[in-house]
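Worksheet: the structure to be examined is printed underneath.
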Amino acid sequence: MVKVEAVVVRERVETVIDAVEEETGHVGVTVVEAIGHGRERGVTHEYRGRTFESRFLPKALLAFVVEDALAERVVAAIADAARTGHEAGDGICWTSPVANVVHHRTGERL
Amino acid sequence: MVKVEAVVVRERVETVIDAVEEETGHVGVTVVEAIGHGRERGVTHEYRGRTFESRFLPKALLAFVVEDALAERVVAAIADAARTGHEAGDGICWTSPVANVVHHRTGERL
Amino acid sequence: MVKVEAVVVRERVETVIDAVEEETGHVGVTVVEAIGHGRERGVTHEYRGRTFESRFLPKALLAFVVEDALAERVVAAIADAARTGHEAGDGICWTSPVANVVHHRTGERL
Amino acid sequence: MTHNQLLIAANTIWVVVAAVLVMFMQAGFAFLEAGLTRMKNAAHIAGKNVLIFGVASLVYWLVGFGLAFGNGNGLVGLHGFAPSVDELLAVGKAPYAAFTSIPGAAGWLFEVVFAGVSLAIVWGAMAERAKLWVYFAFGAIFTVVYSLVSHWIWAPGGWLQRFGMQDFAGSTVVHYQGALAALAGALLLGPRIGKFGHDGRANAIPGHNMPYAVLGTLILWFGWFGFNPGSTLGVVTGGHVGFFGYVALTTNLAAAAGGIGGICVAWVVLRKPDVSMMLNGVLAALVAITAACGFVSPWAAVLIGFVAAMVAVVAVPLVERLGIDDPIGAVAVHGLAGVWGTLATGLFALPALAATVGVGRGGLLYTGSPYQLGVQALGLVAVGAFTFTASFGSLWALNRLWGIRVEPHVETAGLDVAEHGMWGYPEFYIPVPGGYGTESHGHLGLAHAHATIPVPEPRLAPAADAA
Amino acid sequence: MTHNQLLIAANTIWVVVAAVLVMFMQAGFAFLEAGLTRMKNAAHIAGKNVLIFGVASLVYWLVGFGLAFGNGNGLVGLHGFAPSVDELLAVGKAPYAAFTSIPGAAGWLFEVVFAGVSLAIVWGAMAERAKLWVYFAFGAIFTVVYSLVSHWIWAPGGWLQRFGMQDFAGSTVVHYQGALAALAGALLLGPRIGKFGHDGRANAIPGHNMPYAVLGTLILWFGWFGFNPGSTLGVVTGGHVGFFGYVALTTNLAAAAGGIGGICVAWVVLRKPDVSMMLNGVLAALVAITAACGFVSPWAAVLIGFVAAMVAVVAVPLVERLGIDDPIGAVAVHGLAGVWGTLATGLFALPALAATVGVGRGGLLYTGSPYQLGVQALGLVAVGAFTFTASFGSLWALNRLWGIRVEPHVETAGLDVAEHGMWGYPEFYIPVPGGYGTESHGHLGLAHAHATIPVPEPRLAPAADAA
Amino acid sequence: MTHNQLLIAANTIWVVVAAVLVMFMQAGFAFLEAGLTRMKNAAHIAGKNVLIFGVASLVYWLVGFGLAFGNGNGLVGLHGFAPSVDELLAVGKAPYAAFTSIPGAAGWLFEVVFAGVSLAIVWGAMAERAKLWVYFAFGAIFTVVYSLVSHWIWAPGGWLQRFGMQDFAGSTVVHYQGALAALAGALLLGPRIGKFGHDGRANAIPGHNMPYAVLGTLILWFGWFGFNPGSTLGVVTGGHVGFFGYVALTTNLAAAAGGIGGICVAWVVLRKPDVSMMLNGVLAALVAITAACGFVSPWAAVLIGFVAAMVAVVAVPLVERLGIDDPIGAVAVHGLAGVWGTLATGLFALPALAATVGVGRGGLLYTGSPYQLGVQALGLVAVGAFTFTASFGSLWALNRLWGIRVEPHVETAGLDVAEHGMWGYPEFYIPVPGGYGTESHGHLGLAHAHATIPVPEPRLAPAADAA
Ligand SMILES: Nc1ncnc2c1ncn2[C@@H]1O[C@H](COP(=O)(O)OP(=O)(O)O)[C@@H](O)[C@H]1O
Ligand SMILES: Nc1ncnc2c1ncn2[C@@H]1O[C@H](COP(=O)(O)OP(=O)(O)O)[C@@H](O)[C@H]1O
Ligand SMILES: Nc1ncnc2c1ncn2[C@@H]1O[C@H](COP(=O)(O)OP(=O)(O)O)[C@@H](O)[C@H]1O
């Protein structure tokens, strides 16, 4: 199977998962809170008289383990749904092959 | 080497790691708090008069980087240890090949 | 492209990212808070009369998606920058191939 | 010392202590509201209470106290602005003859904390989207509006006071007024991004910290023992020594009934014993009993509290259904419960206690006469018209002139980082282990030592030192 | 005003202020207990104090106060249920003749907050696994039990009071009683899932927020200045004006010794200066000095506090070793320290102060007579037998009838989400950025603007606006 | 009861209530400091206030109170160590003749909480790197130093008191002294790892919880109403009944101006309305008005508060530029603002109020005479020299002997886990779901049931039970 990982802005977590379910029928995702740094500028922080730049902005990291056949469509669905129209920070997604996918409850291989 | 990743219910984090160490001798794991959505139903939330369904339940994401030879046995150990007997939510695990594994402290390649 | 993942002590997050940017020019990283267990011993905890050993120490998990050509140098940069000189806990890094890397904002493939 | 001096001393102790308890309610609002809003705005929401109490204090010193309690006519006080030391030390003398047996300074202290509470209520409904300068501008405006209305109802000779309107500690003056301005603000600001889906249905935006909300509520309950019993302004009321003890009893019974009512009604109506509704129930009950606390019997206090909780639990979702986004429930909890409390006093006021307090008459239930109820209603209408108009008008003007709502990207990022430059919980958003550049000075003494010894392994410490 | 009226006024100020401080102890328990339990139960554990104080207040108004302080016989008060306004405003008259120089209302207020504290203690040992309705049912039952015992010891003519039992502010009445019910509850509920491994060894289940526990402890210490000094019920005690100041001094010295004792003993015995044990030390010391505060000398207060802390630090693990899961340490901190404090009074009571307070005699140390110690022991045995039996019996019945423990899956999920429908810290479990469907209405005005401008980049704001 | 007894009663009520409010300031410091420091030290930083108030209380009982207020000479009190019951119950008698109309015990209570506040200030600048035992050792030493200086300025016949130094509630005695020791500690400890980059530039080390800092500040503001008004030590001051109400007014006005000043100055100077600077502004203003509160007019209070906030906002970064790492800003907020407040009193003291209070003369502005200003300066110099020398010397010795700073690996790991054995927020660092071994006893009754039923799915509960 294939693992599709995506970094998206936190407001889009639900939207992206909805899009994947609607457009590919895939159900199953694991989400982790993340902070990230990319092309976008970060935030200027001020604390007690010290000004400093932090390159990080809040993001979420999503992992979908999907059928090989679905991979492309999942990626497409994510990329669409993650696009906010903002100037920066929408993130990226990618795929990687995975093997030995086991479903704990049933022990069956997927 | 091989990276074995597993999504398990949080109560099972220690159990799963113990199982891997006992049954394969592998030591070394990185754990991340996650929330996930799978076959299981989520939780119905009620907040100030609004009822809504959240598909997410708390999980933990474990990553083990192991010798190729161990991979299969690690997967088996995880799947067993992660099985709670509950109706849902036990999660899944999978493997993927990794290269250039470097041990920071010594700089040696594993 | 290649995904380089690294587990480092939290104090080194900024240092490692700086090193990667300086030495390879690569910009773009996603960071997740993690706890980990490796060769190092954990911490002895005492709580209300119970003493117990926790194998976990705070770490951070970094993911860089980079050009294949950069992978090796990124790994090298990380390993150097993550080395604290402490007796344990510096962590490890590894690479894995990724495909279908899509940049959400522009939709372009990287 | 004469008897009278001792009495003044006792009165002043009680009033000052009560005022201090009420001042602490700012911490209650700060935590109730921070708890019921999102993590990204926590510092802003909590911190605003420090800011607005500062604004209220300065404005109330300059003009508010004079407008409210300075000698004047039935509409407004005309003396006692930026009072002098002598005016503040004098007891029962112009311009503060209103305070017959405490020094003017004690009167000011007790009244300024009330102004602060009323202003604190305003921001509950405007939470998470108002610009920072609005707290200054509208804070000052509202303090003046508040002062005028408090003159009508509480100053001797105030026009509603002459009708005998019964508002013991301010269900109308403090809570209803605050809620009116809150409503105006919520209407003008519009809902928070994401509060309503495109189907128009309200979405839940859970607050980030229920324990904070609980702490805030318990602090408010605590402070209310200054709010209501302190409004006796002394230790003797209509010949009853320690009447304030009785006021404290009705206050506590109402709050208790409100808590039980809130959680039970939520359990039945919303099908979950919602903790935040239990808290709203307590507050709604306290708001409602505020007008009635000195006038009603214990069982009426229980009833008033329970009904107030029902009103709150039912009204919070209703307000949302009207498309109004009121994150804390100020309109329901302070507004509607305030109306209920004010009217309930007109229903349940005991003739004997009305006489003791020396304001108005017995309620409908006892006298059969609708007079008192009518007066209460008149007050609600008059205050409602005036305060809502004044608040809406001034906020509307501020909005037209400079815009009172933050930019969407600021709202999305959160007010803490976008307006104040730092997250409320920095370590949740940026790595702050040893401070930026921790390792970058790895070649100086200390940090070098640091760089050559083991990570946290208490048991290795000796070895470490050796290194 | 007569002298006596002024005295009543002063007494009432002091008693009401003290009562208000004690009421705030609910916030102390809420945060101590929320801090020492898990994140998944935070809202439930903190919120329960609002709930149970509500229950205690209503029950105490209906029956409790009458049972405890209404005129009656040596076993129970028989008058003053759901009291009338007149009964509450009267001073030193039936049915509340017990309160000779404050109005009945002030007496009620002071006593109801004590009932609330005793009830708050109960839930510490039952934390994280009791069903919600149990708080209502057992809360009401315990309030009645508590009222009976407080009649025995504190009401004029109560049978233990006639023996001269010395329990100044309630080491036995409030804390020991609460701990007895807590023990009964812990035994019937059984340990939390995971508390004991299959080897039977106790596992640590760390609480989730030590700063909360510290705040809770400091609030309790603060409130205890109402608890102990307020129990003088007036400003003059046996001819000593301001005796309550002395009571506050012994209370503070004991608490200080308890904090130092707790951390030092933990350092030595447990080999770590456990912060939670320092806090338990303070509380155990306050519990122990509660009986003694008006009877002993300063050095005895220090000793009593230090020993109480030792007892707590040693007993907390011991209670676990017995297979009892007491998350907050109620049995050790309120129970054993309460026993120690009650007996210590029988040892260290100064004859002069016993005379001043007008209860019992000097302690063994000074009189050489074991009488007082015997009386104290008798009280402990009687109360222990009665309260434990009553609590265990009623909880046992409730458990047989409907089961008092939540389902394992509820316990595992956490009471916040499973019983109340929302996490205590929602953003730790569900994405709550702009609320559900934030983006889904991306085509309405505001949100559209939002959809076409940059994410948080304060410095780009202007540009953004332009967009 | 005689008039005088009633007066003593009223005085004692007021002083004890004020003392209790001041004691609660420990919670304020605990949360202000925990909020402005890092997550890994949260339990330690919050908990230390329990520890140090314990130390201060015991030391102040043994020797401090006697040194400060026992009868003696101009330099030191020589009686009243570990006082007896009779000495504590007596009013206006040796050894505590200093307290003319409250019992010695009430005097002790009021003074010990001040010692506790002064000691609390010390640790702000020493936060996150001092060894635990140092709190014990230096806590005791500082309490003695503090007591001596308070004798000079507050005890009748103290040498600075004889000059007429005006320090109403302790800008110099409490805050400036605390800051001097804090400075000594910060200098000897050196900066936290990572505070300064190798370019020597200061790095920001954001605290972890701004809402905590807000709560701490509001608690301090609340407590300050005991701190300043309570320092009248009674209800009548120079013939003015209820003068403490006036003191409360100036205190509140200054704090308000400080909050507004802090945020506005930060907005202008630092270009961001920094929440933590608003809080520091409030505190700096309260520190400054502490000396002046009984001597100045309302407008002067506003001015003093605003300027104090400016001083704080500007000085916090300046102190850093000197290479001093003061995490909470104690040196700027308590030190420099304390100096400003002490001098401002010499400028703005009203002759009439100086007469009322009965200390010193009118300030430069009114009298044209530099006398009072000179006295204030003299006091600052004398106290500065003595307290800084004593603090630096003793800390230096402790450092040479045993080292007062924790090992770098302890500092890096955090004091909570490394020194106390448990994180302040355990669930952020270790998995604590059902406790260790939750599942490992999966074959015992309960847990077995647990192992065979569904995870949190409230709606499946029945099914679950069936299982
Ligand atoms: N090469 C990369 N490797 C890992 N994460 C990345 C990479 N590039 C971007 N990201 C993630 O995506 C987020 C947004 O990336 P960014 O480049 O800002 O998007 P945009 O190009 O739309 O501004 C970053 O905060 C980071 O978390
Ligand atoms: N396809 C998937 N991709 C990523 N994570 C998954 C996937 N399927 C399941 N998971 C993770 O496993 C958890 C449990 O999965 P679930 O399907 O509920 O197990 P079960 O089938 O036993 O109910 C989910 O919450 C999610 O975190
Ligand atoms: N095989 C592994 N798989 C996953 N994570 C690992 C593995 N080995 C180490 N780690 C991560 O690296 C961290 C440090 O590893 P450790 O072995 O302690 O380094 P060192 O050998 O320098 O002591 C661990 O806490 C863990 O998070």
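Numbered from 1 within each chain, the chains take letters A, B, ... in sequence-line order. For clarity, every value in this text was computed on a predicted model and none was experimentally measured.
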Interface residues of residues 14-21 of chain E facing chain D - non-hydrogen atoms under 4.5 Å apart: E/Val16, E/Val17, E/Val20, E/Leu21
E/Pro103 versus chain D, the contacting section by heavy-atom distance below 4.5 Å: side chain
Side chain proximity check, D/Tyr246 to E/Trp108, heavy atoms < 4.5 angstrom: no
Region of E/Ile13 in contact with chain D, defined by heavy-atom distances below 4.5 Å: both
Options E/Gly54, E/Ala42, E/Ala34, E/Ser84, ranked by heavy-atom pairs under 4.5 Å with chain D, top entry: E/Gly54
E/Leu109 side chain near D/Phe225 side chain, heavy-atom distance below 4.5 Å: yes
Top of E/Ile219, E/Ile8, E/Leu132 for chain D proximity - count of heavy-atom pairs under 4.5 angstrom: E/Leu132
Contact origin within E/Leu6 toward chain D - heavy atom pairs under 4.5 Å: side chain
Side-chain donor/acceptor of D/His208 to backbone N/O of E/Glu427, under 3.5 Å: no
Chi angles and distances behind the ring pair (Phe, Tyr, Trp, His ring centres under 6.0 Å) call for D/Trp221, E/Phe53: CA-CA 11 Å; D/Trp221 191 335; E/Phe53 185 54; 5.2 Å; yes
Exam field: side chain D/Lys272 to backbone E/Met422, donor-acceptor pair closer than 3.5 Å: no
With E/Tyr212 via side-chain hydrogen bond (donor to acceptor under 3.5 Å, both in side chains) - residues at least two apart: D/Asn209, E/Tyr425
Per-residue contact mode, E/Val113 against chain D (heavy atom under 4.5 angstrom): neither
